[in-house]
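Okay, so here's the structure we're looking at.
Throughout, protein chains are lettered first and strands after them, A, B, ... in sequence-line order, and every chain is numbered starting at 1. Just the heavy atoms: all of them, side chains too, but no hydrogens, waters or symmetry mates, feed the values below.
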Number of protein chains: 2
Amino acid sequence: MKRPTIADIARSAGVSKVAVSYALNDQPGVSEQTRAKIKAIAREVGWRPSNAARALNGAKARAVGLAVCRPARTLSVERFFMELISGIESELAPRSIALMLQTVTSHDDEIELYRRWWGEGRVDGALLVDLHDDDVRIPAFAAMDLPVVALGPPEAAGPVPAVWSDDGASIHETVAYLAALGHRHIARVAGLPRLAHTTVRDAAFEAGCRAAGLPEPVMVHTDYSGDEGARATRGLLIAAERPTAIVYDNDIMAVAGLSVAQELSLDVPRDLSLVAWDDSPFTQVVRPQLTALTRDIAEYGACAARILLAAVDEEPVADSQVPAARLVPRASTSAPQRR
Amino acid sequence: MKRPTIADIARSAGVSKVAVSYALNDQPGVSEQTRAKIKAIAREVGWRPSNAARALNGAKARAVGLAVCRPARTLSVERFFMELISGIESELAPRSIALMLQTVTSHDDEIELYRRWWGEGRVDGALLVDLHDDDVRIPAFAAMDLPVVALGPPEAAGPVPAVWSDDGASIHETVAYLAALGHRHIARVAGLPRLAHTTVRDAAFEAGCRAAGLPEPVMVHTDYSGDEGARATRGLLIAAERPTAIVYDNDIMAVAGLSVAQELSLDVPRDLSLVAWDDSPFTQVVRPQLTALTRDIAEYGACAARILLAAVDEEPVADSQVPAARLVPRASTSAPQRR
DNA sequence: CTGAAGTGCGGAACCGGTACAGCAGGAGGG
DNA sequence: CCCTCCTGCTGTACCGGTTCCGCACTTCAG
């Protein structure tokens, strides 16, 4: 029992393949009566268009690619990805466009994978995540003519259309808030130093401190893991000049940092204020609840998907900005204790 | 500048299309010399096989499907999915097989989606997650001849090959451990009641309590969210007969439950012991650290992917069991305080 | 009554590969 | 020297659709 083809339908309707093709695609060229008959037969035998055959005639693949350059087993550590995929799906699913997902181990592999996907006609476009400074993927994609959208700051995306949020503004808001509370020594536990958004946030953090008249801030770079977040926090808290506030680049590190503070018998927020970049259920289940920079990651992904689909349809696309993360003050921040 | 085809290569090598096809697929029929020449040209012009053309000749789609029947925006709430996808990817990526991911809103849509993917030749197989009792997808898949593997208890998977872990054994181990500590009133904050693994765990929980000579346990069903976990915990703790231990069906609810206990000024573990199903970074960053049922979710996904790929290759497949979750005692469990 | 325009449909080519039969030409055995 | 076998390659059909072109027939204006 093979899949039915338009030839089967044609035979059983007593018309030619061509008539069937026109009928099923709602194109002119057949009478309404014939069209109805053909459609009825198609429905009856459970006909589906062969994606392969259509693709061979230059149709779209109806799928977009997302390669993630991280070890497969660590995909899940950060909430970010799943949220992003959620958002992307929320745009793709209603249009019946699938997401091709694959993990790769290097940017070179990633470029090669996209080249293959594109060459094989398996995807119509691609999303670029985890933008680096001087990212090798940017020139590579500029050379291919695969529609692509980058998630990250436009200055790192170069000629590739970027979907981005103003992380600098969020950092400024946070630093200004902490300074207004009376903090003077603010530290930052940042993520991977080579990521473009880390660079942006680092610069904004320094600029914000300078603008608020604070001394040069301490910044530590990590790999986003709870372990490194804890270690960085420990390092900051046992230093001679202890910061009175720490801003973390993700929620996992902030929660880990809170544990470290509690181990060291520091009261949060009296002795130490904490801010997490990216909100999550966890910033709200720990005690005290963590002040966080909230943003709609899913919307970030959805916006990128929208832009990508527009690019695939050869509509003109431009960089698109999503709202910056907003500071949501909770119980982990307050005026510093007077020593 | 179009994509090069084997016809282009044939022209430039001065041979026929067929010779090129043989050469590039390492099939006999051409001399080594010609093969080398053809391969060199192919590499030079950047030729990639057209997936569509190959699929048309009955080749595999080199992709497997995963439809997830949850609102796209909530995909990220549970760590489970991302871990699962990580594990699946760890098997697929080395074989250059892609994962087609799409969220759907009902099981009927999911069946329809798979029917379409399969009919269109876009996937070679499918993974079934979130098995329900009397799952409508099981008979539907039995009717299609799409290779499929279910993640869940074999009794729910029916004729579909299942990859499963013995959740009952893990629950038994947990109940026995708590009973050995001296607990007599143990409650369970479970997940969605219609999910097959919830049914299995519920039954095992009751059986375990009976076996240990404990009174009939209280079980509350939730939607896995932190909110419902907190609410359920609150309900249990203000009841006349307060449990001295609570076992949660995921880590998020357990952490939420811990917060509720602390709000109610209960000391964990002196007044209340807590156990989380599924370990995560968060069970270890809260204080006290949570006793948890650890399992390798990624391996679960990897195993399912392996079985599916075997099924796709028409190798005989059987149900496959992955190791059950193991109890890892931490600071959230101890003997109950004598009242 | 003739010519033009429009409708409904079919034939054939094509997309980019693969499968299969067959055909030269050289080697080797009898 | 002839016949067979093997090697290396080509021609052709085919997968399941789409698209272009054109044909037969009807309709209607002139």
Charged N to carboxylate O below 4.0 Å: is that the case for [X] and [Y]?
X        : Y       : value
B:Glu112 : A:Arg48 : yes
A:Asp313 : A:Arg95 : yes
B:Lys39  : B:Asp26 : yes

Does B:Arg62 offer a backbone N or O that forms a donor-acceptor pair with the side chain of B:Asp124 under 3.5 Å? yes
Side chain A:Tyr114, main chain A:Gly125, donor-acceptor under 3.5 Å: no
Interatomic distance, [X] [atom1] vs [N] [atom2] [rounded to whole Å]:
X       : N      : atom1 : atom2 : result
A:Ile6  : C:dC9  : CD1   : C1'   : 14 Å
A:Asp26 : D:dT18 : CG    : P     : 12 Å
B:Asn25 : C:dG17 : CG    : C1'   : 9 Å
A:Lys37 : C:dC9  : NZ    : P     : 9 Å
A:Leu24 : C:dC9  : CG    : P     : 13 Å
B:Lys17 : C:dG17 : NZ    : C1'   : 6 Å

Hey, what do you get for CG (B:Asp130) to NE2 (B:His107), rounding to the nearest 0.5 Å? 6.5 Å
How long is the span from the CD atom in B:Glu89 to the CG atom in B:Leu92, to the nearest 0.5 Å? 5.5 Å
How would you label the contact of [X] with the nucleic acid (heavy atoms, under 4.0 Å): base, sugar-phosphate, or nothing?
X       : result
A:Val15 : sugar-phosphate
A:Gln33 : nothing
A:Arg48 : sugar-phosphate
A:Val30 : sugar-phosphate

So which one's nearest nucleotide on DNA chain D is more toward 5', A:Val20 or B:Gly14? B:Gly14
Between A:Thr34 and B:Tyr22, whichever has its closest DNA chain C nucleotide further toward 5' is A:Thr34
I need the residues from residues 49-63 of chain A with at least one non-hydrogen atom less than 4.0 Å from DNA chain C; give them sorted by number, or say none. A:Leu56, A:Asn57
Strictly below 4.0 Å: does [X] bring a side-chain N or O up to OP1 or OP2 of [N]?
X       : N      : answer
B:Gln27 : C:dT18 : no
B:Ser21 : C:dA19 : no
B:Trp47 : C:dG16 : no

Identify which nucleotide among D:dG11, C:dG16, C:dG10 has an atom closest to any side-chain atom of A:Ala19, counting heavy atoms from C-beta outward. C:dG10
